[in-house]
A.B. asks: 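First, the structure itself, so that you have it in front of you.
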Amino acid sequence: MNVYEIITNMIIEEIEAGTIPWKKPWKDGFPVRYESGEPYSLLNRMLLPKSGEYLGYKAIKKLGGKIRNYNPHIIVGYFPIETVKKVKRDGIEEEESSKYLKPRYFKVFHLDDIDGIPSKLPETINTNSKIISAEELVCDYSKTLKVKNDYKGAYYSPTLDYVNVPNLANFDSSEKYYSTLFHELVHSTGHKKRLNRFTSEDQFQFGSESYSFEELVAEIGSSMLCSMSGIIDSTIDNSASYIDGWLTQLRNDHKLIFKASSKAQKSCEFIISHKNSEKGSKNIA
């Protein structure tokens, strides 16, 4: 058994030991109607940009609020429409009615864009706090691309070149927030204007081999950055959806972990080079 097989088998054992049911490390939250506190339908959740309370014009006026930031969003409502028509049967005129749903759309505003109306939602107690060592590690690199904090998930958009992670307060722990942020930042280093790692169209097609490999690179990179920040890495717990694909590839290619580790290391060095740039360090191309 050569060194590639030995190391690969060790990695396989570690991955197999980490196969637990997948659990997102953040709490989603939902867009809700201000008046009732009821969550919007699944369709409207996809249309609304973030969680929290929304109101329409009439409700804002009724409650004495004032729109500070004119940033309306669309929701869709369905209403039963009843039609009545007269028909003749055996010479006798009768009425028939039918009902159907007719969609209409409305403009609503997030409570953040309104003055004078207090929130009805219970205050979220944020027990998480920023980890200075982690902040310092990626602070300068994070300035090179947009980092959003919408509730809709954690991802990197290669087309628009931005990272999204939910707010720190939404995570189960500060450590999980940073391990998730690191994962997405490692993805972003693959952009053509950075390390140019994305070489195939299926790089972002879920289930493809190149997608699985890129996820492995991001997981290893996140683990490295966690270690540098003094954070106990728990990223493997959040990656069970990729584990089967990784195991198959690792068993078929004993050099795979070395390839992924090499790319992950380059990504981490690229991120950290921004932190050290003021001292004369050069970015890795």
Side-chain angles (χ1 to χ4, degrees), residues 24-79 102-132 134-135 138-174 176-178 180-185 187-188 191 193 274:
K24 287 187 294 186
W26 63 85
K27 310 170 189 72
D28 275 333
F30 294 112
V32 299
R33 297 175 177 84
Y34 178 84
E35 298 91 330
S36 65
E38 293 290 326
Y40 283 98
S41 67
L42 183 58
L43 171 62
N44 285 324
R45 290 179 206 172
M46 292 188 288
L47 296 175
L48 295 171
K50 60 182 179 179
S51 60
E53 298 155 292
Y54 289 83
L55 302 86
Y57 283 116
K58 290 183 179 179
I60 295 171
K61 185 176 180 181
K62 179 181 177 181
L63 296 169
K66 183 178 179 181
I67 298 172
R68 178 179 67 256
N69 180 19
Y70 188 83
N71 186 26
H73 307 286
I74 298 297
I75 60 170
V76 176
Y78 289 93
F79 295 89
K102 183 178 181 179
R104 295 182 182 179
Y105 73 88
F106 302 90
K107 291 182 179 180
V108 292
F109 295 80
H110 195 277
L111 193 62
D112 287 348
D113 298 322
I114 303 167
D115 289 325
I117 300 178
S119 173
K120 292 182 179 181
L121 294 178
E123 185 177 352
T124 301
I125 300 175
N126 180 15
T127 58
N128 296 333
S129 58
K130 290 185 177 181
I131 298 175
I132 302 303
E135 288 285 330
V138 299
C139 179
D140 291 325
Y141 176 73
S142 297
K143 295 175 183 176
T144 67
L145 78 163
K146 189 170 184 178
V147 178
K148 296 183 179 182
N149 295 113
D150 288 342
Y151 79 98
K152 290 187 175 180
Y155 57 88
Y156 167 66
S157 171
T159 305
L160 301 177
D161 191 32
Y162 74 84
V163 160
N164 186 82
V165 291
N167 282 303
L168 175 61
N170 293 101
F171 280 78
D172 296 338
S173 69
S174 300
K176 288 184 178 179
Y177 166 78
Y178 285 104
T180 302
L181 174 62
F182 292 162
H183 179 108
E184 304 308 334
L185 291 179
H187 276 317
S188 72
H191 193 277
K193 66 182 181 183
H274 289 74

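Along the sequence shown, the residues carry numbers beginning at 1.
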A.B. asks: Relative to the ring of F182, is the ring of Y178 parallel (under 30°), tilted (30 to 60°) or perpendicular (over 60°)?
C.D. replies: tilted

A.B. asks: Would you say the side-chain atoms of N71 pair up with the backbone N or O of D113, donor to acceptor, closer than 3.5 Å?
C.D. replies: no

A.B. asks: Evaluate the criterion side chain to side chain contact (heavy atoms under 4.5 Å, CB included) for residue pair N164 and S157; output intermediate values, then yes/no.
C.D. replies: CA-CA 8 Å; N164 186 82; S157 171; over 6 Å; no

A.B. asks: Can you see whether Y156 engages D161 through a side-chain donor-acceptor pair at a distance of less than 3.5 angstrom?
C.D. replies: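 Side-chain D/A pair, Y156 to D161: present.
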
A.B. asks: Got a second to check how far K62's NZ is from I117's CD1, nearest 0.5 Å?
C.D. replies: 11.5 Å

A.B. asks: S188 and V163: which non-hydrogen atoms are nearest, and at how many Å?
C.D. replies: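 In terms of heavy atoms, the two residues are closest at CB-CG2, 4.3 Å.
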
A.B. asks: Considering all heavy atoms of both residues, which atom of S174 and which atom of I131 are nearest to each other, and what is their separation?
C.D. replies: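 Closest heavy-atom pair between S174 and I131: CB-CD1, 3.9 Å.
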
A.B. asks: Side chains of L185 and Y141: closer than 4.5 Å at any heavy-atom pair?
C.D. replies: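 They are in side-chain contact.
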
A.B. asks: Any chance NZ of K120 has more than 12 other-residue heavy atoms, nucleotides or ligands included, within less than 6.0 Å?
C.D. replies: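 More than 12 within 6.0 Å, yes.
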
A.B. asks: For V165, is there any backbone N or O sitting under 3.5 Å from a side-chain donor or acceptor partner on N149?
C.D. replies: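 The answer is yes, because a donor-acceptor pair under 3.5 Å joins these two groups.
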
A.B. asks: Test Y34 against H110 for side chain to side chain contact (heavy atoms under 4.5 Å, CB included), laying out the working first.
C.D. replies: CA-CA 9 Å; Y34 178 84; H110 195 277; over 6 Å; no

A.B. asks: Are any of the side-chain heavy atoms of L63 and I114 separated by less than 4.5 Å?
C.D. replies: no

A.B. asks: What pair of heavy atoms forms the shortest contact from E35 to A59, and how long is it?
C.D. replies: OE2-CB, 3.0 Å

A.B. asks: Can V108 and Y40 be said to form a side chain to side chain contact (heavy atoms under 4.5 Å, CB included), step by step?
C.D. replies: CA-CA 12 Å; V108 292; Y40 283 98; 4.3 Å; yes

A.B. asks: Atom CD1 of I74 and atom CZ of F106: how far apart are they, to the nearest 0.5 Å?
C.D. replies: 10.5 Å

A.B. asks: How long is the span from the CG atom in D140 to the NZ atom in K143, to the nearest 0.5 Å?
C.D. replies: 4.5 Å

A.B. asks: Check the pair L55, F109 against side chain to side chain contact (heavy atoms under 4.5 Å, CB included), reporting the backbone distance first and the verdict last.
C.D. replies: CA-CA 5 Å; L55 302 86; F109 295 80; 5.8 Å; no

A.B. asks: Which heavy atom of P166 sits nearest a heavy atom of F171, and at what distance?
C.D. replies: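 That closest heavy-atom pairing would be O-CE1, 3.3 Å.
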
A.B. asks: To check you understand the geometry: which heavy-atom pair defines the closest contact between H274 and T144, and what is its length?
C.D. replies: CD2-CG2, 3.6 Å

A.B. asks: Tell me if a side-chain donor or acceptor on D115 pairs with a main-chain N or O of R68 at a distance below 3.5 Å.
C.D. replies: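 No; zero donor-acceptor contacts below 3.5 Å.
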
A.B. asks: Where is the tightest heavy-atom contact between S119 and E53, given as atom of each residue plus distance?
C.D. replies: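 Minimum heavy-atom contact is OG-OE1, 2.6 Å.
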
A.B. asks: Give a yes/no verdict on a cation-pi contact between K107 and Y57, requiring under 6.0 Å between NZ or CZ and the six-membered ring centre and an angle within 45° of the axis.
C.D. replies: no

A.B. asks: From Y155 OH over to T180 OG1, what is the distance, rounded to the nearest 0.5 angstrom?
C.D. replies: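 Atom-to-atom, Y155:OH and T180:OG1 are 14.0 Å apart.
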
